[in-house]
Amino acid sequence: NKLLRIRVANKSTTNQKIFSIVMTIILGLIMGLLAKIIDNPTYFNLIFTNIGDRLGIWIFVATLLSVFSYSPKLAAVKVFAFFLAMLTVYYAYTTFFLHFFPKREIIFWSVCALLSPVCAYIMWYARGVSLLSTIILALPITVLLSEGFEIRNAYLPIHTHYYLIPWLMGIYLIMIVALLLTIPKNKIKIIEILLIAISLSLILSYFNVFARLFPGMNSVLQ
């Protein structure tokens, strides 16, 4: 009953739910294949390559899939289906066509996929009307702020791609603005969301949380 005060699920038919899940799976398949293709900087701009290798873009997509679902349960199913489809295509391509089996990365993203239904269920309430909704929406924005800010340290002096830093930061800014403009029903909450997200991101950056949790995977751009 307390959750119903935050946000009420939209009525939907079985066909609508199935269609929503199928479209999400298709999106996952397409994005998984696209992420693998653009992973080769020889054929695509390094901006796209580096964005696809990081958490930000996937958190952004999962957040949108969650909040615009008919219900929190459907959000959990859709986000899990998305990651399952995306990762299956991505690593099937890597294994069978490139003959490479990145065990460490597969384990990491598999854990993310297993945790995604719980996160999606909670994230669905980000479009509600309570303080809890404000805090929930601040969480993905915190990750985007933290990861986007850390890009300033992405390139060591031996690298030659410093020009990418402002472009990549710009993409993160666009994702943050998109979430702020599309999700909160009450636009006044944007200020509260930003204050919470900025505070949390400063804490994460100060304690270097991302580098500690994901050493070698998300702390620098390759």
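Residue indices begin at 1 and follow the sequence shown. As the structure is a computational prediction, the values presented were derived from the model and not from experiment.
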| task | Find the distance between OG (Ser116) and CD1 (Ile59) and round it off to the nearest 0.5 Å. | result | 11.5 Å
| note | The side-chain contact (heavy atoms from CB on, under 4.5 Å) partner of Phe19 among Gln16, Met23, Lys17 is Met23
| task | Nearest 0.5 Å please: distance from the CG atom of Leu144 over to the CG atom of Leu179. | result | 6.0 Å
| Is the closest side-chain heavy-atom distance between Met31 and Phe82 below 4.5 Å? | yes
| task | To the nearest 0.5 Å, tell me how far Lys189 NZ sits from Leu137 CG. | result | 9.0 Å
| query | Any chance CD1 of Ile191 has more than 12 other-residue heavy atoms, nucleotides or ligands included, within less than 6.0 Å? | reply | no
| task | Looking only at non-hydrogen atoms, find the nearest pair between Arg7 and Gly128 and report the distance. | result | CB-CA, 4.0 Å
| message | If you define the side chain from C-beta out and look only at heavy atoms, does anything of Thr142 sit under 4.5 Å from Leu204? | response | yes
Would you give me the side-chain donor-acceptor pairs under 3.5 Å for residues 69-79, sequence neighbours excluded?
residue, atom, partner, partner atom, Å
Ser69, OG, Leu65, O, 2.5
Ser69, OG, Ser66, O, 3.4
Ser69, OG, Lys78, NZ, 3.3
Ser71, OG, Leu74, N, 3.2
Lys78, NZ, Ser20, OG, 3.1

| query | By side chain to side chain contact (heavy atoms under 4.5 Å, CB included), which residues pair with Ala138, not counting sequence neighbours? | reply | Ile193, Ile196, Ala197
| query | Phe60, Ile174: one ILVMFWY side-chain cluster at the under-4.5 Å cut-off? | reply | no
| message | A side-chain contact here means heavy atoms from C-beta on lying under 4.5 Å apart; do Ser130 and Leu132 qualify? | response | yes
| query | Any side-chain heavy-atom pair from Pro117 and Tyr121 closer than 4.5 angstrom? | reply | no
| remark: Heavy-atom closest pair (Glu147 atom, Leu55 atom, distance to 0.1 Å) is OE2-N, 3.2 Å
| request: State, with a plain yes or no, whether a side-chain heavy atom of Phe149 is found less than 4.5 Å away from one of Ser205. | output: yes
| said: Could you tell me if the side chain of Thr182 sits less than 4.5 Å from the side chain of Phe68, heavy atoms only? | reply: yes
| Nearest atoms (heavy-atom pairs only) where Met123 meets Val67 | O-CG1, 3.3 Å
| task | Locate the shortest heavy-atom distance separating Leu194 from Leu180; write the atom from each residue and the value. | result | CD2-CD1, 3.7 Å
| field | Value rounded to 0.5 Å, distance of CD1 in Ile26 from CD1 in Ile21 | value | 12.5 Å
| Heavy-atom side-chain proximity of Phe83 to Trp58 below 4.5 angstrom | yes
| field | Spatial distance of atom CG (Leu202) from atom CZ (Phe207) [nearest 0.5 Å] | value | 11.5 Å
| note | With sequence neighbours left out, the residues meeting side chain to side chain contact (heavy atoms under 4.5 Å, CB included) with Tyr206 are none
| field | Transitive ILVMFWY side-chain link Met175 to Leu200, under 4.5 Å | value | no
| Within a strict 4.5 Å, meaning less than it, do heavy atoms of the Phe101 and Tyr91 side chains meet? | no
| message | Are Leu139 and Val143 linked, directly or through intermediate hydrophobic residues, by side-chain heavy-atom contacts shorter than 4.5 Å (ILVMFWY only)? | response | no
| task | Working to the nearest 0.5 Å, report the span between CD of Glu150 and CG of Leu145. | result | 11.5 Å
| remark: Looking only at heavy atoms, the pair that brings Leu181 and Lys187 closest together is O-NZ, 2.6 Å
| said: Going by side chain to side chain contact (heavy atoms under 4.5 Å, CB included), name the residues that satisfy it together with Leu29, two or more places apart in sequence or in a different chain. | reply: Ile25, Ala85, Val89
| message | Taking the cut-offs as 6.0 angstrom to the six-membered ring centre and 45 degrees off its axis, would you call Lys36 and Tyr93 a cation-pi pair? | response | no
| field | Contacts of Ser201 that satisfy side chain to side chain donor-acceptor pair (under 3.5 Å) - sequence neighbours left out | value | none
| query | Who pairs with Leu84 by side chain to side chain contact (heavy atoms under 4.5 Å, CB included), at least two apart in sequence or on another chain? | reply | Phe80, Thr88
| Should Tyr172 and Leu64 be regarded as members of a common hydrophobic cluster, given that ILVMFWY residues are connected when their side-chain heavy atoms come within less than 4.5 Å of each other, either directly or indirectly? | yes
| When clusters are formed by joining ILVMFWY residues with side-chain heavy atoms under 4.5 Å apart, either directly or through shared neighbours, do Leu168 and Ile141 land in the same one? | yes
